[in-house]
Amino acid sequence: MWRFAFAMLLMAASLSIRADGTVVDKVYHPIVLPNEHRVEWRFMSRQTEEKNILAQRIGYGQSLSETVTVEFYLLGERDRDDNFGIEAYELESRWMITEQGRYWADWGMVFELEKRHGLDAWEASAGLLMEKEFGRNSLTLNWFSIYEWGNDIQDEWEGEFRMQYRFRWKPQVQPSLELFVGEDFVGIGPALMGIQRFEAQKQLKWELGFISELSGVTKDHTLRFVLEYEF
Amino acid sequence: MDRLMRHFPAFGLWLFAAPIWAEVPAFELVLKDHLFYPAKVEVPSGQKVRLIIHNQDDTPEEFDSFDLNREKVVFPQRKATIYIGPLKPGTYEFFGEFNPHTARGEVIAVEVKDAD
């Protein structure tokens, strides 16, 4: 346990945390299964003193092999005139590096490429994913390194960190605590995830989280919701 | 200090990867006609073990266990290795996702008494 805590500190210290935009998002797990197809809907509503930011995304993904999966997303956001429209497109790939349970922890990577709709603004990111079991508890950590470029955006490097500590109580109800760190943002809050299996590989997964900015100086709460159907 | 920092990446990798150097005990199961043989597998508690599943059917199966927190596809006429544990003494259910009514089984983790 002490070795783990020490390693966490080293990894966190080596991250140059610098990110803008919305930090609260899904915490990725490193496990990939073959022969899977999925559709996904993510919803995020961030409420501050001044405004409400509403973002949603829908995606379709499928496994390419026993260890690699790819997913395509359409991202939508509400603009300053309160109109909701397409904001960006994203291609994402997850790679399971280690066999589940074989080593002290499970490892994976996630790669994302995003383009803003109608703008010359790009974002590429690489994330290291880790999951460690402690009996019926699971600790999942994501470290992201992000680069933004294009004529309509300032070229810059960013970093993000996400953490989820989950108690696997029953398949449908798995309470967790989530932490998100980015530029000028450290948020923490409770979340709930669950899974309902149907026949064969068909299953419905959901996640619901309520994240509050830690400084607490001004109001800054985010409600996030994910619905994922695998088939 | 410089020397320590030079070796820092390798040290970090060692901290996280920490592979299991010792041989992990293996327990073999056969999947035939959508049934697991044996349906109950006794394994020692408190240590990591491998379940090696030989799928003798002509269709794929997905080993699934919420208790063990494992999911793994076993392709037809192939074998798959599933690493589980260390487990506390107790019974852990598993099933085949494609044939959940027939392909069912239990891993029973038992305390191993020291021979001394």
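For D64(B) (side chain) and E71(B) (main-chain N/O), no donor-acceptor pair under 3.5 Å exists by modelled atom type. K40(B) contributes no side-chain N or O that, together with a main-chain N or O of G105(B), makes up a donor-acceptor pair within less than 3.5 Å.
At most 12 non-hydrogen atoms from other residues, nucleotides or ligands lie less than 6.0 angstrom from CH2 of W169(A). More than 12 heavy atoms of other residues, nucleotides or ligands sit less than 6.0 Å from atom NZ of K115(A). Around the CH2 atom of W206(A), the shell of radius 6.0 Å holds more than 12 heavy atoms that belong to other residues, nucleotides or ligands.
For the set R168(A), R136(A), K170(A), the entry with the most heavy-atom pairs within less than 4.5 Å of chain B is R168(A). Each of E61(B), E62(B), R70(B), K88(B) has some count of heavy-atom pairs under 4.5 Å with chain A, and the biggest count is that of R70(B). Listed options E199(A), E66(A), E99(A), R197(A) were ranked by heavy-atom pairs under 4.5 angstrom with chain B; first place goes to R197(A). For chain A, the option among V73(B), I84(B), N69(B) with the highest count of heavy-atom pairs below 4.5 Å is N69(B).
Residue contact with chain B, scored on non-hydrogen atoms closer than 4.5 Å, is absent for T98(A).
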